[in-house]
Amino acid sequence: QVQLVESGGGLVQAGGSLRLSCVASGRTFSSYSMGWFRKAPEKERELVARISGSGEITYYTDSVKGRFTITRDNAKNAVYLQMNNLKPEDTAVYYCAARPVTTLIYSYWGQGTQVTVSS
């Protein structure tokens, strides 16, 4: 079992920045690919960014490219999402998720943290 604890959400004005953090339990953190998802009201859940177990491979959805950066620190069992130049359309609940690197299924999820961007 892997437990994920998120933090860092809040209220910011458009153009501002936030850094989301996710800390995982366990001793095999590097065996999991990590993803950040978001869910806005009346919209489908969306994969925002993902990072491989080693941290060498990353992916971003087009709407956040150049603004968001996903990183991980396996020594601290942590993954981060640095969000710059935030836009009102980034407003959502953001979730950290983990999956074994050999599968496409995210098996573990954090509780979510609210990000609100005002215009």
Side-chain angles (χ1 to χ4, degrees):
Q1 296 291 323
V2 176
Q3 183 177 1
L4 306 175
V5 181
E6 300 162 326
S7 62
L11 173 64
V12 298
Q13 292 186 334
S17 298
L18 286 172
R19 189 182 77 152
L20 305 183
S21 298
C22 174
V23 179
S25 65
R27 299 181 179 180
T28 58
F29 184 64
S30 64
S31 297
Y32 292 87
S33 179
M34 302 296 297
W36 284 99
F37 293 78
R38 66 188 180 188
K39 177 68 172 69
E42 301 182 348
K43 293 183 179 180
E44 296 181 355
R45 186 181 65 191
E46 175 186 29
L47 174 64
V48 177
R50 62 174 181 244
I51 187 167
S52 62
S54 66
E56 296 178 351
I57 307 298
T58 58
Y59 164 86
Y60 301 92
T61 192
D62 285 345
S63 64
V64 308
K65 286 181 179 177
R67 300 188 297 120
F68 290 12
T69 303
I70 187 171
T71 58
R72 68 190 297 160
D73 186 343
N74 288 344
K76 297 181 178 180
N77 280 15
V79 62
Y80 309 96
L81 186 68
Q82 178 67 45
M83 304 184 293
N84 297 328
N85 191 24
L86 283 160
K87 302 176 180 180
E89 52 262 43
D90 295 319
T91 295
V93 178
Y94 284 71
Y95 298 90
C96 176
R99 66 170 177 85
V101 296
T102 57
T103 77
L104 297 177
I105 304 299
Y106 285 89
S107 302
Y108 305 97
W109 294 80
Q111 79 286 355
T113 185
Q114 176 71 47
V115 172
T116 303
V117 184
S118 62
S119 61

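For this chain, numbers begin at 1 and follow the sequence in order.
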Participant: Please list all pairs meeting salt bridge (charged side-chain N to carboxylate O under 4.0 Å, His left out) that have one or both residues in residues 40-57, counting only residues at least two apart or in different chains.
Facilitator: R38-E46
Participant: Might you confirm whether atom NZ of K39 has over 12 heavy atoms from other residues, nucleotides or ligands at distances under 6.0 Å?
Facilitator: yes
Participant: Identify the two heavy atoms, one from Y32 and one from P100, that lie closest to each other, and give their separation to 0.1 Å.
Facilitator: CD2-N, 3.6 Å
Participant: Please round to the nearest 0.5 Å and tell me the distance separating atom CG of L20 and atom CE of M83.
Facilitator: 3.5 Å
Participant: For N74 versus S30, what's the shortest heavy-atom pair and its separation?
Facilitator: ND2-CB, 3.5 Å
Participant: For a quick test of your reading: what N or O donor-acceptor pairs under 3.5 Å do the side chains of residues 4-15 make, sequence neighbours left out?
Facilitator:
from : atom 1 : to   : atom 2 : distance (Å)
E6   : OE1    : G112 : N      : 2.4
E6   : OE2    : C96  : N      : 2.0

Participant: Do the side chains of C22 and Y80 get nearer than 4.5 Å, heavy atoms only?
Facilitator: no
Participant: With rounding to the nearest 0.5 angstrom, report the OG1 to CG distance, T116 to D90.
Facilitator: 11.0 Å
Participant: Would you say R72's side chain and S33's backbone share a donor-acceptor pair under 3.5 angstrom?
Facilitator: no
Participant: Flag the pair F68 / L86 as yes when at least one side-chain heavy-atom distance between them is below 4.5 Å, and no otherwise.
Facilitator: yes
Participant: With clusters defined by side-chain heavy atoms of hydrophobic residues (ILVMFWY) lying less than 4.5 Å apart, directly or transitively, does I70 cluster with Y108?
Facilitator: yes
Participant: May I ask whether Y60 and Y94 are part of the same hydrophobic cluster, defined by side-chain heavy atoms of I, L, V, M, F, W, Y residues being less than 4.5 angstrom apart, directly or through others?
Facilitator: yes
Participant: Output yes when K65 and D62 qualify as a salt bridge under the 4.0 Å nitrogen-oxygen rule, no when they do not.
Facilitator: yes
Participant: Main chain of Q3, side chain of S25: is a donor-acceptor contact present, judged purely on distance under 3.5 Å?
Facilitator: yes
Participant: I'd like to know if the side chain of N77 and the backbone of A24 have a donor-acceptor N/O pair within less than 3.5 Å.
Facilitator: yes
Participant: Indicate, with yes or no, if Y95 and L18 share a hydrophobic cluster defined by side-chain heavy-atom contacts under 4.5 Å among Ile, Leu, Val, Met, Phe, Trp and Tyr.
Facilitator: no
Participant: Would you mind reporting whether L47 and T61 have side-chain heavy atoms less than 4.5 Å apart?
Facilitator: no
Participant: Please list all pairs meeting ring pair (Phe, Tyr, Trp, His ring centres under 6.0 Å) that have one or both residues in residues 33-56, counting only residues at least two apart or in different chains.
Facilitator: F37-Y106, F37-W109
Participant: Once you round to the nearest 0.5 Å, how far does CD of Q82 lie from OG of S21?
Facilitator: 9.5 Å
Participant: Locate the shortest heavy-atom distance separating V93 from Q114; write the atom from each residue and the value.
Facilitator: CG2-OE1, 3.2 Å
Participant: Restricting to non-hydrogen atoms, name the atom on V79 and the atom on M34 that form the minimum distance, rounded to 0.1 Å.
Facilitator: CG1-CE, 3.9 Å
Participant: Going from CG on L81 to OG1 on T69, what distance comes out if it is rounded to the nearest 0.5 angstrom?
Facilitator: 8.0 Å
